[in-house]
Amino acid sequence: MTTEIKNRIEQIQRGEVPQGYKKTKIGIVPIEWDIKKFNNIFTIIANNTFSRSEMNDIKGDYYNIHYGDILIKYKETINCLNDKIPFINEENIVRDDMILKNGDIIFSDTAEDYTVGKAVELLNICDKKIVSGLHTIPCRPNKNFDSKWLGYFCNFTLYHNQLLPLATGTKVTSISKSSIRNTFIIIPPLPQQQKIADILSTQDKVIELKEKLIAEKQKQKKYLMQNLLTGKKRLKGFTEKWEIKKIVDIYKITRGNVLSTALIVNKLNNNYKYPVYSSQTKQNGLMGFYNNYLYENAITWTTDGANAGFVTYRKGKFYCTNVCGVLLNEKGYCNKCMAEILNSITKKYVSYVGNPKLMNNTMAKIKINFPPVAEQTAIAEILSTADREIELLQEELEQEKQRKKALMQLLLTGIVRVKI
């Protein structure tokens with residue numbers, strides 16, 4: 001970042017307007033950029049209210065954009081040539097005034113969090129008949145925008161932050177058509193829109209390539225697991241027969257302890273150096289760090305709740321909460337290989353009567369194939385190597401996503417002026 005850009009950012013942070021910029025209702029932007037009220041440049045068009053049960057992935061005359069897909073599946077744009085869009089079941093009636101065009105933008109008007117208002121711009125519709133579904137607000141610009149500009153801008157914080165104060169609800173958050181009408185759109189000259197969209201599209205391609213590479217590595221790992229953890233393929237030098245045994249015959253079975261979140265910290269330090277694991281699968285169950293530990297080199301599983309039956313290997317010293325069951329063994333049977341073998345079958349033993357559970361007494365009776373310890377160690381090393389490769393790629397992916405956020409912050413505000 002150049003000194004000029006840093007100085008410009010500092011000026012804006014102090015509330016000053018740099019030379020060549022102007023102050024608008026939603027922020028400081030280049031002087032040649034326009035700003036318009038949403039209601040003056042968009043027409044809100046009709047949507048349908050078809051539920052998921054009224055859609056399919058096989059055939060139909062009309063494609064349907066569902067709000068859940070806007071929130072989770074799609075990014076800022078939908079390439080209608082390549083992105084998968086569900087069909088509306090043929091018995092349902094669709095009006096002609098609902099059919100969308102290239103450049104139309106669709107907002108999700110409902111979400112369970114502050115992703116409400118996420119938007120997508122439609123590209124490359126060609127001859128497809130596409131309509132907007134339940135809990136969406138489809139909008140058509142009456143002004144010429146460059147392809148992708150609206151998709152990027154309407155998902156940028158400068159725009160999305162206009163919607164958040166207007167959202168209503170607690171468990172489910174919603175925005176209204178009137179809310180959107182009262183927001184503002186920043187409009188750079190068309191050549192600048194195009195250049196900015198091109199730069200962000202290039203970064204999107206970098207992100208997509210990383211995601212595809214991660215998916216391929218995960219597929220390779222799955223293949224390894226299907227073969228190595230079942231004994232379908234044996235590693236060179238291992239011929240000894242695997243033994244079927246009950247968990248209780250090999251492991252000491254115990255569980256974690258209750259621990260108040262007030263006693264743990266979010267970041268590792270010299271005093272709080274032991275990871276604390278919970279029943280969750282996000283971040284591998286990591287809650288934070290504590291100044292004491294319960295176990296070392298053990299296998300844990302989730303005993304209660306939505307993730308009941310999830311098994312993982314915990315390397316090193318750690319603490320875990322009372323919703324974690326723990327398997328201990330001092331002869332080398334606690335490793336990634338055995339955790340993955342167990343994880344592949346435990347869901348079958350979870351009780352789904354009321355709150356899902358896989359308690360210690362049930363775990364004790366589960367029978368699995370045990371390779372010799374030396375073979376377990378070799379398999380565990382192969383799987384750990386695969387995991388390390390995936391983790392490294394995921395870190396790189398996150399870096400590219402952060403780079404895109406930084407680019408959006410600089411380009412969509414005009415802090416960095418693109419050269420045409």
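Position 1 is the first residue of the sequence; numbering continues from there.
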(request) Could you walk me through whether N47 and V131 pass the side chain to side chain contact (heavy atoms under 4.5 Å, CB included) test, one step at a time? (result) CA-CA 7 Å; N47 67 301; V131 294; over 6 Å; no
(request) Could you walk me through whether L294 and V326 pass the side chain to side chain contact (heavy atoms under 4.5 Å, CB included) test, one step at a time? (result) CA-CA 10 Å; L294 290 175; V326 181; over 6 Å; no
(request) Take R403 and E400 through the test salt bridge (charged side-chain N to carboxylate O under 4.0 Å, His left out) and record every step on the way to the result. (result) CA-CA 5 Å; R403 189 170 286 116; E400 296 299 344; 2.7 Å; yes
(request) Test E76 against D204 for side chain to side chain contact (heavy atoms under 4.5 Å, CB included), laying out the working first. (result) CA-CA 10 Å; E76 293 95 343; D204 275 338; 4.1 Å; yes
(request) Quick one: do E240 and E375 satisfy side chain to side chain contact (heavy atoms under 4.5 Å, CB included)? Show the steps, please. (result) CA-CA 9 Å; E240 190 177 338; E375 190 171 0; 5.9 Å; no
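When side chains are defined from C-beta on, Q193 does not count as touching W33, because their heavy atoms never get closer than 4.5 Å. Here the side chains of T377 and C337 are not in contact, with every heavy-atom distance at 4.5 Å or above. Using a 4.5 Å cut-off on side-chain heavy atoms (C-beta onward), N48 and I88 make contact. Using a 4.5 Å heavy-atom cutoff, the side chains of F50 and N92 are in contact. At a threshold of 4.5 Å between non-hydrogen side-chain atoms, the residues L358 and W301 count as touching. Side-chain contact check for L327 versus M363: some heavy-atom pair is nearer than 4.5 Å. Using a 4.5 Å heavy-atom threshold, the side chains of L397 and I207 count as touching. By the 4.5 Å heavy-atom criterion applied to side chains, Y277 and L286 are counted as neighbours.
Of all non-hydrogen atoms in N369 and I341, the two that sit nearest each other are O-CD1, 4.0 Å. L100 and P138 make their closest contact through CD2-CB, 4.0 Å (heavy atoms, listed as atom of the first residue, atom of the second, distance). Looking at every heavy atom in both residues, P30 comes nearest to K22 through O-CE, 3.8 Å. Nearest heavy atom pair, residue I35 against residue K25, reads CD1-N, 4.3 Å. In this structure, T77 and D83 approach most closely via the heavy-atom pair O-OD2, 4.0 Å. Between I85 and C80, the closest heavy-atom pair is CD1-SG, 4.2 Å.
More than 12 heavy-atom neighbours from other residues, nucleotides or ligands sit within 6.0 angstrom of CG on N284. Remark: I420 CD1 is packed, more than 12 non-hydrogen atoms of other residues, nucleotides or ligands lying under 6.0 Å away. Heavy atoms of other residues, nucleotides or ligands lying less than 6.0 angstrom from CD1 of I93 number 12 at most. Taking a 6.0 Å sphere around NZ of K222, one finds it holds 12 or fewer heavy atoms contributed by other residues, nucleotides or ligands. Annotation for Y114: atom OH does not count as buried by contact number, only 12 or fewer foreign heavy atoms lying within 6.0 Å. The 12-atom threshold is not exceeded at NZ of K129, counting heavy atoms of other residues, nucleotides or ligands nearer than 6.0 Å. Taking a 6.0 Å sphere around CD1 of I72, one finds it holds 12 or fewer heavy atoms contributed by other residues, nucleotides or ligands. At most 12 non-hydrogen atoms from other residues, nucleotides or ligands lie less than 6.0 angstrom from CD of E112.
Remark: E381 engages T385, R388 in a side-chain contact (heavy atoms from CB on, under 4.5 Å) (not counting sequence neighbours). Residues satisfying the ring pair (Phe, Tyr, Trp, His ring centres under 6.0 Å) test with Y290, not counting sequence neighbours, are Y319. Among residues two or more places apart in sequence or in another chain, the side-chain contact (heavy atoms from CB on, under 4.5 Å) test is passed with N7 by T3, E10. Applying the salt bridge (charged side-chain N to carboxylate O under 4.0 Å, His left out) test to R140 and every residue at least two apart in sequence or in another chain returns D104. For N271, the side-chain contact (heavy atoms from CB on, under 4.5 Å) test picks out N269, with sequence neighbours left out. Remark: D387 engages K221, K336 in a salt bridge (charged side-chain N to carboxylate O under 4.0 Å, His left out) (not counting sequence neighbours). Checked against ring pair (Phe, Tyr, Trp, His ring centres under 6.0 Å), H135 has the following partners two or more places apart in sequence or in another chain: Y67. Every ring pair (Phe, Tyr, Trp, His ring centres under 6.0 Å) that Y274 has, sequence neighbours left out, goes to Y293. For the ring pair (Phe, Tyr, Trp, His ring centres under 6.0 Å) test, residues two or more places apart in sequence or in another chain that qualify with Y63 are F87. Listed by chain and number, the residues in a salt bridge (charged side-chain N to carboxylate O under 4.0 Å, His left out) with K75 are E211 (sequence neighbours excluded). The salt bridge (charged side-chain N to carboxylate O under 4.0 Å, His left out) check on E4 picks up R8, with sequence neighbours excluded.
Separating the OG atom in S278 from the CG atom in L259 is a distance of 11.0 Å, to the nearest 0.5 Å. From N155, atom CG reaches atom CD of E121 across 10.0 Å, with rounding to the nearest 0.5 Å. Atom CD of E90 sits about 5.0 Å away from atom NZ of K59, to the nearest 0.5 Å. Here L122 contributes atom CG and L150 contributes atom CG; the two are 11.0 Å apart, rounded to the nearest 0.5 Å. Atom CG of residue D97 and atom CD1 of residue I45 lie 8.5 Å apart, to the nearest 0.5 angstrom. The CD1 atom of I105 sits 11.0 Å away from atom OG of S132, with the distance rounded to the nearest 0.5 Å.
Ring pair Y251/Y333 is perpendicular by interplanar angle, where above 60° counts as perpendicular and below 30° as parallel. Aromatic ring pairs are classed by plane angle as parallel below 30°, tilted from 30° to 60° and perpendicular above 60°; the pair F153 and Y159 is tilted.
Residues Q402 and E398 have side chains that bring a donor and an acceptor to within less than 3.5 angstrom of each other. Side-chain contact, Y223 with K233: a donor N or O sits under 3.5 Å from an acceptor N or O. Between the side chains of N335 and Q376, at least one donor N or O lies within less than 3.5 Å of an accepting N or O. Judged by distance alone, the side chains of E389 and Q220 never bring a donor and an acceptor atom under 3.5 Å apart.
The side chain to side chain donor-acceptor pair (under 3.5 Å) contacts involving residues 141-151 comprise K148-S201, where partners must be two or more places apart or lie in separate chains.
A salt bridge is defined here as a Lys NZ or Arg NE, NH1 or NH2 lying under 4.0 Å from an Asp or Glu carboxylate O, and D113 with K118 fails to meet this definition.
Not one N or O on the side chain of T302 forms a donor-acceptor pair closer than 3.5 Å with the backbone of D304.
With a 6.0 Å cutoff to the six-membered ring centre and a 45° limit on the axis angle, R314 does not count as a cation-pi contact of Y295.
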